[in-house]
Amino acid sequence: MSSFLSQLNDRQQEAAGTIHGPVMIIAGAGSGKTRVLTYRTAHMLAERQAAPWQILMLTFTNKAAKEMKTRIAALIGEQVAAGIWMGTFHSIFARILRMDGDKLGYDRNFSIYDTDDQESLIKKIMADLSINHQQFPVRQMMSKISASKNRLWYPADLEKFAVHPADIKAAQVFKDYQIRLKESNSMDFDDLLMKPIELFTKSPETLKKYQNQFKYLMIDEYQDTNKAQYTIAKLLAASGRNIAVVGDDAQSIYSWRGADIQNILDFEKDYPEAKVVRLEQNYRSTKRILAVADAVIKSNKEQIPKTLWTDNDEGDFITLLECDSERDESMRVANYIQQFKITKGMHNKDFAILYRTNAQSRALEDGLRRIAVPYVIIGGIQFYKRKEVKDVLAYLKILVNPRDTESFRRIVNYPARNIGEVALAKIEEYAHQTQKGPAEILSVIDMVPGLTARQRSALQELNRVVQETRNNLTNSPLGLLIRTYVEELHLISELGQDQTQEGRTRVENVQELINAIEEFSVTRQDATLEAFLQDVSLVADTDNLDNDRNVVTLMTLHAAKGLEFPVVFICGLEEGLFPFSGGAERDSNLEEERRLCYVGITRAEKKLFISHAKTRFRFGSTEYTVRSRFIDEMDLSQIKTEGQAPVETRNRFATRGLDGDALGDYANKDPYYWRDEKYTQPKGSPATKVSKERSVVYDEGEVAIKTGIYVEHAKFGRGKVTSVDGSGDNRKAVVFFVGHGAKTLVLKFANLKVVK
C-alpha cells in the first residue's frame, strides 16, 4: 500500500486504490470525496500508473478544481500537478475546442457569449423575424434553446417536436441564432458541451486522439451531469473504460438546468463490471444533524441506499424557530447570530443563511442591517457582470475576435462616437456582404456607404487604437498593454465625469479589472488575453467566495451545495415555498425538493436552525402558511423549539405529493388539516372546521368569486383568490393554491366552491 492510501479510512482506501476499470464512488455529504479524489490521483502518479497528462479530472466549479489542484500539488509537487487536465466541463472542452474547433469552422479565438450577450442577440433576431417579444419573452426563447441543447437537439429537432406556439417560434429563432453565433466566431455556454460531441462525431480521429491521451477519466459530482456531459464522458471512456465517477444521488438538485439523476442511478447498467464503493462516514456534522438529514432523505423512493454515520459529537439539538412573519423570522435569525458571537466567541463568517428563493433575502437582509451585522449575498450582481466591467471586456474581446458582433455593438458608440442604429446597421450590412466581422470593417470604413465624415473619423481613430494594441499583444506585458489601451479609449475619463460615489465606484471597478489582468499575467503560465477572457466567461457565483472575509453569507439552497459552515439557518420551511410551489405536483419534483432540503441540512457542522413563518407577504397580500412537510419528515427527537420544548408532528402530508392518498382525499386538499388536533388556527384565518370533519363548502356560483376569498378546486384543493378579471364566459380568476402555486382559471369551467 502506498503512503498516500494509508492516510485514508478503509472505504476511502478501496475507492482510491481501484484504478482500472469503471468505479462508482457514492460519496455521502461530508464523507471526504475531495480527499479521495486527490489521494487517488497522487497514488496513481506515485505508483506510475499514469502520466499527469493522461488524467482528465472534470468538476462543476472552478472553486472545486482549484482546491483539488492545490491539494494534489501539496502531495506530489506543483510541476507534476500542472500537467493534469483538471477543470470544469466547460473550461476543459473550451480548451479542446480552441485546439480542434477549426474542424467545425471556428478559429481558436472564438468568443464565449454570456446570458447578456445571448439576450441581446436573440432580441435582435426576434425583431428581424417580426416575433413579438411581449407575446414570446426573450428569456423564454433563451430557455427553450438552452433546454434543446442540453437534450442535444438541433434547430430541426426542436422544429420537429414543436407543438406549442412558443416552441415553434423558438425553433425559428434557434436556427438563426446558431447561424449568427457561427458568423461571429462565438459560442454560448451550452455550445461548449454540444460542440465537442459534434467534433468527436464528425472527426473520429480527433476522438481517438483524446481517448488515447486520457487513459483515466474522473468526474466529480456525477449526479449533476446532463445529457451532453454524460455523452462526452461515455465517448471518452469507450476505449479504455477507466472511468471513475464520484457523486451522491441524494444531492442531485439541478434538474431545472438539465441535470439527469438517472446518469448516476444507471451507471451500473452502462458499466456492468463497475465496482461500487460507498463512503458513508461523515466528518463534517454532528450526530443530531446527520440524524435529521438521514430521516428526510429516507422519504425518497428513488435513491441508492446508504446511511451516513459519524464519530463526531452528539452536538446541540436542532432549533425550530416558529415565527409570526418573515420580519419576525429575520429578527430572530439576526439576534441568534449576535447572541452566538457574544456567548460563544463566533465570527460573522461562521454563519450561513439559506433560503429557497432569492425573494426571501430582502427581509433577512433587513434583520441583519437593523443590528449592523455585515453580510454578503452569493448570487447578487457579480463583478464581471457590472456594466462598466462588461464594457471594457467587450473592448478586449474584439482585440482577439474581431468577428464578435455583440461585443462590437456594445462598444461602437461608447464613449459616444455619433454612431446610431442607422449607421450601425450600415456597417453590419457591409460586414455581412463581405463575410467579415464588423470590427474587421473598421480598417476599410471608407468603403461603407452612407456614413458621415464625422462618423468615419471617429471609427478610424477607434480602429487605430485597436490595431496598435492587437499588434502588440504578443510582445508587450499584458497588464501594461491593457492599461494603455483603456486609457487611449478614454474609458476611465468618461466614467470619471460622474463625481458621485456611484461614479467613483465604477472607476474603481475598471481599475480593479486592470489589476486582475496584471495579476493574471504574472501568476499564470498561459497568460494570454484569450486565456484571461475564457476564465472570466466561466466564473460562477461561488468561485470568488472569500472564506476569510468576516461577513455572514446569504444564499439560496442551490448555491450552497459544496460549502459548509459551523452554523446554518434554513429559512422559510413552508408548503408552497419549500417545497416550492409546483414542487409537489409530480413525485420527481417533490423528491428533488427533498434532496435540496437534505443538501441544506448537511451544510451545517455544529449547529442547525430551521424556521417557518405563520404568515408571509406574497403576491401582494399576507398569506397564512402551512408548515413544510419536510419538518415532519425529520427525526423530531433531535429538534427542540426555542423554549427547549419537544416538537410535535403536525401536518403529515402524503409523501407521494398532493395527489397521493396516504391521508385520504381531504387531507391533501385542505391546507388547514392537521393530525395534531391540539392545533389552533392563526387569528384571522378562515373559519374552517379541522378536526375529523370536512369543512362546510357550498357553491355560490362565479358571482361570489372575489379577490381575497378562499375557494376550493376539485384538483388543486384549497386556495386564495388573488385577482379576478373579465366578464361573462371570459371571466377569469388567479388563485394561489398551497403546493401548486398560482393558477389562472376560467370561472365558467373551474367550478370553484367558496369556503365559508
Side-chain angles (χ1 to χ4, degrees), residues 1-60 64-65 67-69 71-72 75-76 80-81 83-86 211-225 229-230 232-251 263-283 303-309:
M1 180 187 298
S2 75
S3 60
F4 293 119
L5 295 188
S6 65
Q7 299 176 52
L8 305 176
N9 68 34
D10 290 346
R11 294 285 73 75
Q12 290 174 338
Q13 284 180 17
E14 184 180 5
T18 305
I19 304 302
H20 302 290
V23 57
M24 178 167 65
I25 304 167
I26 303 300
S31 61
K33 72 177 178 64
T34 302
R35 182 178 176 85
V36 169
L37 282 173
T38 53
Y39 275 72
R40 184 178 196 267
T41 306
H43 169 68
M44 290 169 64
L45 294 170
E47 296 297 314
R48 301 188 183 279
Q49 299 277 352
W53 58 86
Q54 293 178 317
I55 300 173
L56 174 61
M57 298 182 71
L58 297 170
T59 68
F60 275 83
E67 181 182 353
M68 280 196 278
K69 201 155 198 172
R71 290 197 195 184
I72 292 171
L75 293 172
I76 59 174
V80 177
I84 301 170
W85 280 59
M86 183 188 306
Q211 285 177 336
N212 290 337
Q213 177 179 340
F214 300 134
K215 299 292 187 183
Y216 299 93
L217 175 60
M218 284 186 263
I219 303 176
D220 189 19
E221 306 286 10
Y222 190 66
Q223 76 281 348
D224 292 335
T225 54
Q229 291 158 333
Y230 164 83
I232 291 172
K234 200 165 185 181
L235 284 169
L236 289 174
S239 177
R241 297 178 76 79
N242 294 320
I243 178 173
V245 302
V246 183
D248 181 6
D249 58 295
Q251 297 185 68
N263 292 345
I264 192 168
L265 296 178
D266 292 344
F267 185 81
E268 291 177 89
K269 292 181 181 178
D270 293 330
Y271 303 95
E273 75 275 30
K275 183 170 188 176
V276 179
V277 182
R278 288 174 173 79
L279 305 182
E280 297 174 307
Q281 182 175 1
N282 177 282
Y283 292 92
Q303 60 178 300
I304 298 172
K306 59 189 164 300
T307 300
L308 292 185
W309 61 276

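Each residue takes its place number in the sequence, starting with 1.
Residues passing the side chain to side chain donor-acceptor pair (under 3.5 Å) test with Gln223, sequence neighbours excluded: Glu221. Partners of Arg35 according to the side chain to side chain donor-acceptor pair (under 3.5 Å) rule, which considers only residues two or more places apart in sequence or in another chain, do not exist here. Partners of Ala42 according to the side-chain contact (heavy atoms from CB on, under 4.5 Å) rule, which considers only residues two or more places apart in sequence or in another chain, are Phe4, Leu75, Ile76. Remark: Tyr216 pairs with His20 by the ring-ring contact (aromatic ring centres under 6.0 Å, His included) rule, at least two apart or across chains. Residues passing the side chain to side chain donor-acceptor pair (under 3.5 Å) test with Gln211, sequence neighbours excluded: none. Tyr39 is linked by a ring-ring contact (aromatic ring centres under 6.0 Å, His included) to nothing, counting only residues two or more places apart in sequence or in another chain. For Glu67, the salt bridge (Lys or Arg N to Asp or Glu O under 4.0 Å) partners are Arg71, not counting sequence neighbours. Asp266 is linked by a side-chain contact (heavy atoms from CB on, under 4.5 Å) to Gln262, Lys269, counting only residues two or more places apart in sequence or in another chain. Evaluation of the side chain to side chain donor-acceptor pair (under 3.5 Å) rule for Ser31 yields no partner, not counting sequence neighbours.
Counting heavy atoms from C-beta outward, Met218 and Leu58 have side chains that stay 4.5 Å or more apart. Counting only heavy atoms from C-beta outward, the side chains of Met57 and Phe214 never approach each other to under 4.5 Å. In this structure, Gln12 and Asp10 have side chains that are not in contact, with every pair of non-hydrogen atoms separated by 4.5 Å or more. Looking at heavy atoms from C-beta onward, Met86 lies in side-chain contact with Met68 at the 4.5 angstrom threshold.
Taking every heavy atom of both residues into account, Ala237 and Leu217 meet most closely at CB-CD2, 4.3 Å. Scanning both residues, Ile219 and Ala233, for their nearest heavy atoms gives CD1-CB, 3.5 Å. Between Leu45 and Ala51, the shortest heavy-atom contact is CD2-C, 3.9 Å. For the residue pair Pro52 and Val80, the shortest heavy atom distance occurs at CB-O, 3.5 Å.
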Pairs under 3.5 angstrom only: tabulate donor-acceptor contacts from the side chains of residues 238-246 to other protein residues two or more places apart or in another chain.
unit_1 : atom_1 : unit_2 : atom_2 : d
Arg241 : NE     : Glu273 : OE2    : 2.8
Arg241 : NH2    : Asp270 : O      : 3.4
Arg241 : NH2    : Glu273 : OE1    : 3.4
Arg241 : NH2    : Glu273 : OE2    : 3.4
Asn242 : OD1    : Gly21  : N      : 2.8
Asn242 : ND2    : Lys215 : O      : 3.3

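A salt bridge links Lys306 with Asp248; the closest basic N to acidic carboxylate O contact falls under 4.0 Å.
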For this session: Using the side-chain contact (heavy atoms from CB on, under 4.5 Å) rule, take Asp249 and Tyr222 through it: C-alpha gap first, then chi angles, then the decisive distance, then the call.
Result: CA-CA 9 Å; Asp249 58 295; Tyr222 190 66; over 6 Å; no
